[in-house]
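Atoms within each ligand, like the ligands themselves, are counted from 1 in listed order.
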Amino acid sequence: MLQKNPHFLSDYQAVHDFVLCQVTALKATESVYLHDLVGRVLAEDIIAPINIPSSAQSAMDGFAFRFDNRQESFEIVDTIYAGDQTKPVKTDKALRIMTGACLPEGFDTVVPFEQAMIKSQNHIKADKLSEHLLLPTHISQGRHVKQVGDDVLQGSVVLQKGHQIGAKDIGLIASLGVDSAVVVKKIGLVILASGNELLQVGEVAKQGMTYDSNSYQIAALCQELPVEVLAIVRLTDDLSAIRQSLKRWMAQADVILTLGGASMGHKDCIKQVFAELQDAWSWKLAMKPAKPFSFARQQQTLLFALPGNPLAAFMSFKLFVVESLLKMSGKTAWRQKSRPEKLQVDIAQPNQATDKTIWLQAIKTEHGIKPIMQTSSSRMQILSQASGFIRLKPGCVYQAGDIIEYWEY
Ligand SMILES: Nc1nc2c(c(=O)[nH]1)N[C@H]1C(S)=C(S)[C@@H](COP(=O)(O)OP(=O)(O)OC[C@H]3O[C@@H](n4cnc5c(N)ncnc54)[C@H](O)[C@@H]3O)O[C@H]1N2
Ligand code: MOO
């Protein structure tokens, strides 16, 4: 796979599939408290330790009675609320019951207040008012009652190993009384940006120098993933310094992302350093942006070389690194799928004459997808305007109304 001919352009899909084949899930796990579980990938199934509800409960505010006691009316003898402990009640009686309250043994049906017919009787001798529920006619046995385990059955798998926990899952886990889960450890990742021209944010701007925006951008993208950024290293285009730094961090990191120095320039030395590692591959991809791409492995550490041009680095991260990190995190559904969307406008084909795939940033509107017709790989403002990106295949003509592949950021 190591590309010798510098004029040969490799197919993105083939390289993508090759890289993803090299990636395996991390083995190390840890137990993490509920508050910190969002974004983490389960290393074990979460199995329900209890039934929800744990006993039969009323789903409505109303009256509980026993359905097969087909008597004309039931004396209402008590009121029970959610949280009350159940006490034995004769099943020829009825009870006022509130939503979430447990039904006493033998009671199986609830009629909501607004559907119930009540007869009041004044017992003059006993100086007491009694109320009777008249037998509800349009109701079936078990109506408005949640049975034991209706929501979650004890012993069932609630969330599977490989599931990435979202905010929407937290309530479910808490409802089981579970306060922690065993997840795959975060991926330890190091970002290494190189370039003599790089200035650190906060430094005074200098002619000919460029603020290192890529490492901030890539670190920010990592925040959306089960990743811990161990370090952001900035170096000049110094081969031996880069070599030393990679060597040092390879001992600690699961993944290293290098930014810049990935192409053909006289000071671009990343390919050379990668070539000294256990396994290394380099490609010029038949696409724009993100044409240069290298990938290497040294024992357990995977290394990705992203191009220096900011939009190219962003796209390279989206197209190769995101899925690699998700697969590494143990997530079962690691593939980042595009979805079919309607194109809002004709695309004056920028790549009809070439054999390159073109990735265009695009805005999703209520009328469809509007591409930003800009392929410069240094213009980052495009990212702030766009909501995702689309793929233009080589030689294809695209017209308004066509269905295209759209990836949301
Ligand atoms: N002879 C060739 N030259 C180039 C080719 C090629 O195939 N043959 N490919 C071009 C393409 S496409 C790209 S993309 C760039 C990638 O080059 P590098 O990865 O070596 O990146 P640099 O040369 O280091 O920088 C390119 C550009 O990006 C700016 N940069 C770099 N790092 C950062 C950073 N951390 N934050 C912000 N901006 C950064 C840098 O100042 C340059 O302007 O190569 C083409 N050349
Ligand atoms: O692909 Mo470069 O990645 O065009 O800027």
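- Protein residues with a heavy atom under 4.0 Å from ligand 1 are Glu197, Leu198, Thr210, Tyr211, Asp212, Ser213, Asn214, Gly260, Gly261, Ala262, Ser263, Met264, Asp268, Lys284, Lys291, Pro292, Pro307, Gly308, Asn309, Pro310, Ala312.
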*Could you give me the CA-CA distance, side-chain angles and deciding distance for His163 and Thr332, then say whether side chain to side chain contact (heavy atoms under 4.5 Å, CB included) is met?*
CA-CA 6 Å; His163 175 79; Thr332 313; over 6 Å; no

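- By the ring pair (Phe, Tyr, Trp, His ring centres under 6.0 Å) test, Tyr409 is found to be paired with Phe314, residues two or more places apart in sequence or in another chain being considered.
- The 12-atom threshold is not exceeded at CD of Gln300, counting heavy atoms of other residues, nucleotides or ligands nearer than 6.0 Å.
- Of all non-hydrogen atoms in Leu199 and Ala205, the two that sit nearest each other are CD1-CA, 3.8 Å.
- Contact record, Leu235 with Ile242: CD1-CA, 3.8 Å, taken as the closest heavy-atom pair.
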Identify all pairs of nitrogen or oxygen atoms, one from ligand 2 and one from the protein, separated by less than 3.5 Å, and list them with distances.
unit_1   : atom_1 : unit_2 : atom_2 : d
ligand 2 : 1 (O)  : Ala290 : N      : 2.7
ligand 2 : 1 (O)  : Lys291 : N      : 2.9
ligand 2 : 3 (O)  : Ala290 : N      : 2.7
ligand 2 : 3 (O)  : Lys291 : N      : 3.3
ligand 2 : 4 (O)  : Lys288 : NZ     : 2.8
ligand 2 : 4 (O)  : Ser377 : OG     : 3.4
ligand 2 : 5 (O)  : Asn309 : ND2    : 3.2
ligand 2 : 5 (O)  : Ser377 : OG     : 2.1

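- Heavy-atom minimum distance, Phe107 versus Lys90: CZ-O, 3.5 Å.
- Between Trp283 and Tyr12, the gap from one ring centroid to the other reaches at least 6.0 Å.
- Residues satisfying the side-chain hydrogen bond (donor to acceptor under 3.5 Å, both in side chains) test with Thr99, not counting sequence neighbours, are Asp61.
- Atom CZ of Arg335 is surrounded by 12 or fewer heavy atoms from other residues, nucleotides or ligands within 6.0 Å.
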